[in-house]
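Convention: sequence-line order gives letters A, B, ...; per-chain numbering from 1.
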Amino acid sequence: MTVLCLVERDGDGVADASLRALSLARELAVSAGGDVAAVLFSGEVFSGDGLSGDTGSGAGAAEQELAAFGIADAYLVAAGDGYAPAAWARGLAELAVTCAAAAVVAAATDRGSEVLAHLGAITGQPVAASCISARWVAPGYCELVRQRWAGSLLEDAALEATLALLTVAADAVPAQPAAAVTDVRVQPFRPEIADADLRVRAVESAEPSAGVSLATARVVVGGGRGVGGPEGFEVLEELAGLLGGTLGVSRVVTSQGWRPHRQQVGQTGTRISPELYLACGISGAIQHMAGCLSAQHIVVVNTDPDAPIIAHADYAVIGDLSQVIPALVAAIRDRAGAA
Amino acid sequence: MEIGVCVKRVPMVGGRIVVTADGQDVDTRMSGFTISPHEECAVEEAVQIVEREGGSVTVLTLGPPEAADQLRDMLALGAQHALLLETDGREWGPMATAAAIADAVTRRADSGEPPYDLLLFGNEAADTGDYQVAIRVARALGLPVASGIKRLTLTGAGGGGGAQASREYRGTQETYDLTLPAVVSVKEGINLPRYPSLPGRLRAKRVKIDVFRPDWQPEGLRKTGLRLPPETSGRAQILGSGVDAVPALVALLDELGVLS
């Protein structure tokens, strides 16, 4: 019983979301006494025919991480240059037949989700998206739990499929290395890729980075409807600067055009996981909370003691942010001046 | 330019989701309905393209008879036509949904109406988050597809032949060249959707909504129940009220190690 797991790269290594997907893939494989095989695409890192990169085996630094996650077999698939979602899906479909795989798992990233959707269409199988756990209870029959509403609701589901296709909700599944380190055997795999599968392919181009990234910021100062208008964000940005963080906003703020969408925290914006999320004038709609529940500490400034966000917060100040935040900025400046 | 936009009626859940007593559905007795945020942007994108290039926007949905309300909302934003793929209220899976949409697109082309040059979707529905209907529709129709798109530019004379679709990928931007007709799923942020105007609302009332009733199909992924995730935290510790709480807040920030 083989479970194939699509592994995306991050630089030379394995993307964090894929380590989490490998952890769920292992849970699934173990439930039926099987193994996980990792699937990497050579075109993601190397150009040309892709198997003879600088790192020798072709899988490079990723190999060590796969070893720590107990992967004995890794396939390096040559599905053309760069990233073409349909070609990757075609490669996975062919590999699944070759290995007689019973499941294909991928992280629910942009790429993982779309490659598995193509694979579902190619094979005529259902895809269970955003799973947080899965196990086989009989051949061809899985029980799983998956997220709805970006994790604000859980669905218990049964998946009946000759090839189980699952994506993994990365922020809800921890990356757990295996009990024992394995030797990874990397094998090349060359599927038949039709020109039609290469028709839609990514051309990457650099995008200028804009200061502290919201997704990886250590501190995020959030502003919502309670900020009252576009001019109210200046003092929040000043506070974010003092705390070495960045500004994040709720959906109503971007819908009103007060701030650009790239600053939105939420289900349809950016998911954040800072050490501190200081949420000001945000009521806590589930659309917003889906983006910030990975924060280690949530501190709220809100006039309404019954706002839904307070049920998710660690600390709260009940008050008007237009008074509290300028006073907080002044206090932090005084403290710095006195030091 | 003929554009079809697919939207989904979803509950407006606000601050809290309530599950029905039988654990099978979201309790919507106290909530209104809307469409998924990404789809609002898909409709806006379609309306803007047609304002520039000419043509018409048809908004499609698969859902219960009440989903006509969401179609009217989209007509008020500037879509010209609407098609309701009417269900009996059962939840449809992504495979059956995609098959019904692909059938509707084929039926339109067969009927002699101008075929769609572009089919737009939201990247994923706000409720079920299946991330696959657009891709399954594209593959059923043999059309190129790009998903998660945050910028869409038509290329060729009069926006004729193709489109460039871009999205973010780990701090870089990746671009896909598509030949039309094509399928594109978009994400919020591609544009800022407008609010409906009064004339728009009046016009929307007069548009006849086409209705077709596809057959429900079972699929291999079956919901057995819905439940809320375990609470992540209890109620917050209240540090105080107004500016009087500032010293306690500063002490807390210091304790958390975020003051330099």
Side-chain angles (χ1 to χ4, degrees), chain A residues 110 113-114 117-118 120-121 126-130 147-161 199-200 202-207 209 219 243-244 257 261-262 267-268 276 283-286 293 297 300 308 310-319 323-324 327-328 331-332 335, chain B residues 13-17 26 37-38 93 95 126-132 135-136 139 144-148 167-169 171-176 178 187-189 192 219-229 232-233 235-243 245-246 249-250 252 256 258-260:
Chain A
D110 277 352
S113 297
E114 76 183 345
H118 277 279
V127 178
S130 303
Q147 293 183 338
R148 288 195 178 199
W149 293 100
S152 302
L153 184 65
L154 298 179
E155 173 186 348
D156 295 304
L159 176 63
E160 207 168 336
R199 193 160 55 149
V200 178
V203 180
E204 270 179 52
S205 54
E207 191 164 83
S209 76
V219 176
L243 300 177
H261 185 271
R262 63 183 154 77
Q267 185 174 350
T268 53
L276 169 66
S283 66
I286 72 146
L293 282 179
H297 301 279
V300 167
I310 292 182
H312 299 283
D314 302 294
Y315 301 93
V317 172
I318 307 305
Q323 291 161 10
V324 174
L328 177 61
I332 293 171
R335 191 174 175 277
Chain B
V13 293
R16 183 155 173 264
I17 292 181
V26 171
H38 296 316
M95 296 174 81
D127 57 350
T128 50
D130 288 308
Y131 293 85
Q132 54 192 280
I135 290 171
R136 287 188 187 272
R139 294 201 72 110
V145 55
S147 55
R167 70 180 184 191
E168 294 150 22
Y169 179 70
T172 66
Q173 176 177 297
E174 53 184 28
T175 301
Y176 297 85
L178 304 169
K187 276 193 180 172
E188 193 177 66
L192 188 58
E219 44 195 275
L221 178 64
R222 290 187 307 277
K223 168 184 76 182
T224 53
L226 298 176
R227 57 193 161 91
L228 297 176
T232 45
S233 117
R235 221 182 145 74
Q237 181 185 333
I238 306 296
L239 295 174
S241 291
V243 293
V246 166
L249 193 47
V250 172
L252 173 67
L256 295 177
V258 297
L259 294 180
S260 48

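Of the residues considered (Leu178(B), Thr175(B), Leu256(B)), Thr175(B) shows the highest number of contacts with chain A, using heavy-atom pairs under 4.5 Å. Among Arg139(B), His38(B), Glu188(B), Glu174(B), the residue making the largest number of heavy-atom pairs under 4.5 Å with chain A is Glu188(B). Of the residues considered (Ile332(A), Leu154(A), Leu159(A)), Leu154(A) shows the highest number of contacts with chain B, using heavy-atom pairs under 4.5 Å. Ranking Ala327(A), Gly244(A), Ala150(A) against chain B, the residue ahead of the rest is Ala327(A), based on heavy-atom pairs under 4.5 Å. The greatest number of non-hydrogen atom pairs below 4.5 Å with chain A, out of Gly129(B), Gly225(B), Gly148(B), is found for Gly225(B). Heavy-atom pairs under 4.5 Å with chain B peak, among Val127(A), Val324(A), Asp156(A), at Asp156(A). Of all the listed residues (Gly240(B), Ala146(B), Gly93(B)), the one sharing the greatest number of non-hydrogen pairs under 4.5 Å with chain A is Gly240(B). Per-residue counts of heavy-atom pairs under 4.5 Å with chain B were compared for Ala285(A), Ala128(A), Gly120(A), Ala316(A); the largest is that of Ala316(A).
Rounding to the nearest 0.5 Å places CG of Leu243(A) at 6.0 Å from CG of Leu259(B). The line from CD of Gln147(A) to CG of Leu153(A) is 10.0 Å long, rounded to the nearest 0.5 Å. Taking NE2 of His261(A) as the reference point, atom CG of Leu192(B) lies at 9.5 Å (rounded to 0.5 Å).
By the 4.0 Å N-to-carboxylate-O rule, Glu155(A) lies too far from Lys223(B) to be salt-bridged with it.
Interface remark: Ala161(A) contributes no atoms to any contact with chain B (heavy atom separation under 4.5 Å). Interface remark: Pro308(A) contributes side-chain atoms only to the contact with chain B (heavy atom separation under 4.5 Å). Residue contact with chain B, scored on non-hydrogen atoms closer than 4.5 Å, involves the backbone and the side chain of His118(A) alike. Proximity to chain B involves both the backbone and the side chain of Leu328(A), based on heavy atoms less than 4.5 angstrom apart. Residue contact with chain B, scored on non-hydrogen atoms closer than 4.5 Å, involves the side chain of Val219(A) exclusively. Of the atoms belonging to Val26(B), it is side-chain heavy atoms, and not backbone ones, that fall under 4.5 Å from chain A. Contact of Ile238(B) with chain A is made through backbone and side chain together, with heavy-atom distances under 4.5 Å. At a 4.5 Å heavy-atom cutoff, the contact between Arg222(B) and chain A is made by backbone and side-chain atoms alike.
Under the 3.5 Å distance criterion, the side-chain polar atoms of Glu219(B) are matched with a main-chain donor or acceptor of Met95(B). Without hydrogens or angle criteria, Gln267(A) side chain to Ala126(B) main chain gives a donor-acceptor distance under 3.5 Å.
Side-chain contact between Glu160(A) and Pro126(A) is absent, with no heavy-atom pair separated by less than 4.5 Å. A heavy-atom distance below 4.5 Å is found between the side chains of Asp127(B) and Trp149(A).
When the salt bridge (charged side-chain N to carboxylate O under 4.0 Å, His left out) test is applied to Lys187(B), the partners found at least two apart in sequence or on another chain are Asp110(A). Ser130(A) pairs by the side-chain hydrogen bond (donor to acceptor under 3.5 Å, both in side chains) definition with nothing, not counting sequence neighbours.
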